[in-house]
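Structure first, commentary second.
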Amino acid sequence: MSGDADRLAQVLINLLDNALRVTSTGGKIIITALEEPAVISISISDTGHGIAEEKIPLIWERFYKIDKSRAREGAGTGLGLAISKKIIELHSGSIEVTSELGEGSTFSFTLPKAKR
């Protein structure tokens with residue numbers, strides 16, 4: 001299976017954009033890529049405010065925003081993570097997040113490598 005480069009780039013842009021929005025000046029964003037025999041794994045970690053455990057399942061829903069106070073600031077539509085999840089799933093991959101309030105979040109996705 002070959003991936004749709006434009007759609008996969010969209011996933012990276014969505015995740016990086018979110019990380020940039022939540023990371024304060026002086027914070028860090030770390031991008032990691034790992035090639036394994038059958039999969040490619042990519043993660044984007046930030047030192048932002050983190051996501052409460054009970055809200056993690058909700059972030060994949062369309063139009064859901066964690067920070068409702070930013071809803072009118074033009075800070076996104078709440079579609080990026082829902083779209084990213086769908087793109088990864090259409091590529092037979094998986095996406096997940098780990099997060100701790102006050103420490104930041106790591107969004108990771110794994111895609112199967114093309115069979116040769």
Side-chain angles (χ1 to χ4, degrees):
M1 173 181 167
S2 295
D4 182 328
D6 290 335
R7 296 294 65 87
L8 294 172
Q10 183 179 5
V11 171
L12 287 171
I13 291 166
N14 286 344
L15 296 177
L16 282 169
D17 184 55
N18 286 349
L20 287 167
R21 285 183 208 193
V22 300
T23 303
S24 301
T25 302
K28 292 182 183 178
I29 297 172
I30 299 170
I31 303 167
T32 306
L34 178 64
E35 181 178 7
E36 297 178 34
V39 298
I40 302 289
S41 299
I42 298 177
S43 66
I44 299 173
S45 301
D46 64 62
T47 56
H49 48 73
I51 305 166
E53 187 175 341
E54 67 273 8
K55 293 186 178 184
I56 288 177
L58 303 173
I59 65 171
W60 307 109
E61 294 179 10
R62 292 175 21 167
F63 304 113
Y64 182 79
K65 291 186 176 190
I66 291 172
D67 186 355
K68 305 293 186 203
S69 66
R70 294 180 357 164
R72 293 193 179 113
E73 293 178 14
T77 60
L79 289 171
L81 291 176
I83 291 169
S84 294
K85 184 175 192 237
K86 187 65 173 177
I87 290 169
I88 295 300
E89 289 173 347
L90 287 170
H91 283 82
S92 300
S94 62
I95 188 168
E96 63 183 29
V97 62
T98 57
S99 188
E100 188 172 331
L101 281 176
E103 299 293 323
S105 302
T106 298
F107 284 83
S108 303
F109 63 91
T110 302
L111 297 167
K113 290 174 68 174
K115 299 200 185 334
R116 294 181 184 207

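Just so you know, residue 1 is the first one in the sequence shown, and it goes up from there.
No more than 12 heavy atoms of other residues, nucleotides or ligands sit less than 6.0 Å from atom CD of Glu53.
Here the closest non-hydrogen pair linking Ile56 and Ile51 is CG1-CG2, 3.8 Å. Heavy-atom minimum distance, Gly50 versus Ser105: CA-OG, 3.7 Å. Minimum interatomic distance between Thr23 and Lys28 (heavy atoms only, all atoms of both residues): CG2-N, 3.7 Å. The minimum heavy-atom distance linking Pro112 with His91 is given by the pair CD-O, 3.4 Å. Looking at every heavy atom in both residues, Gly27 comes nearest to Thr47 through CA-OG1, 3.3 Å. His49 and Val22 make their closest contact through NE2-CG1, 3.4 Å (heavy atoms, listed as atom of the first residue, atom of the second, distance).
Residue Phe107 forms a side chain to side chain contact (heavy atoms under 4.5 Å, CB included) with just one option from Val11, Ile59, Leu16, and that option is Ile59.
Under 3.5 Å, the side chains of Ser84 and Asn14 contain a donor-acceptor pair of N or O atoms.
Tracing side-chain contacts under 4.5 Å through hydrophobic residues (I, L, V, M, F, W, Y), one never reaches Ile13 starting from Ile95; they form parts of separate clusters. The cluster map of Ile, Leu, Val, Met, Phe, Trp and Tyr, joined by side-chain heavy atoms under 4.5 Å apart, puts Val39 and Leu111 in different clusters. By the criterion of side-chain heavy atoms lying less than 4.5 angstrom apart, applied directly or through intervening Ile, Leu, Val, Met, Phe, Trp or Tyr residues, Leu81 is not grouped with Leu101; the two fall into different hydrophobic clusters.
No donor-acceptor pair under 3.5 Å is formed between the side chain of Ser43 and the backbone N or O of Thr106.
Glu35 and Lys113 are joined by a salt bridge, as a carboxylate oxygen and a charged side-chain nitrogen come within less than 4.0 angstrom of each other.
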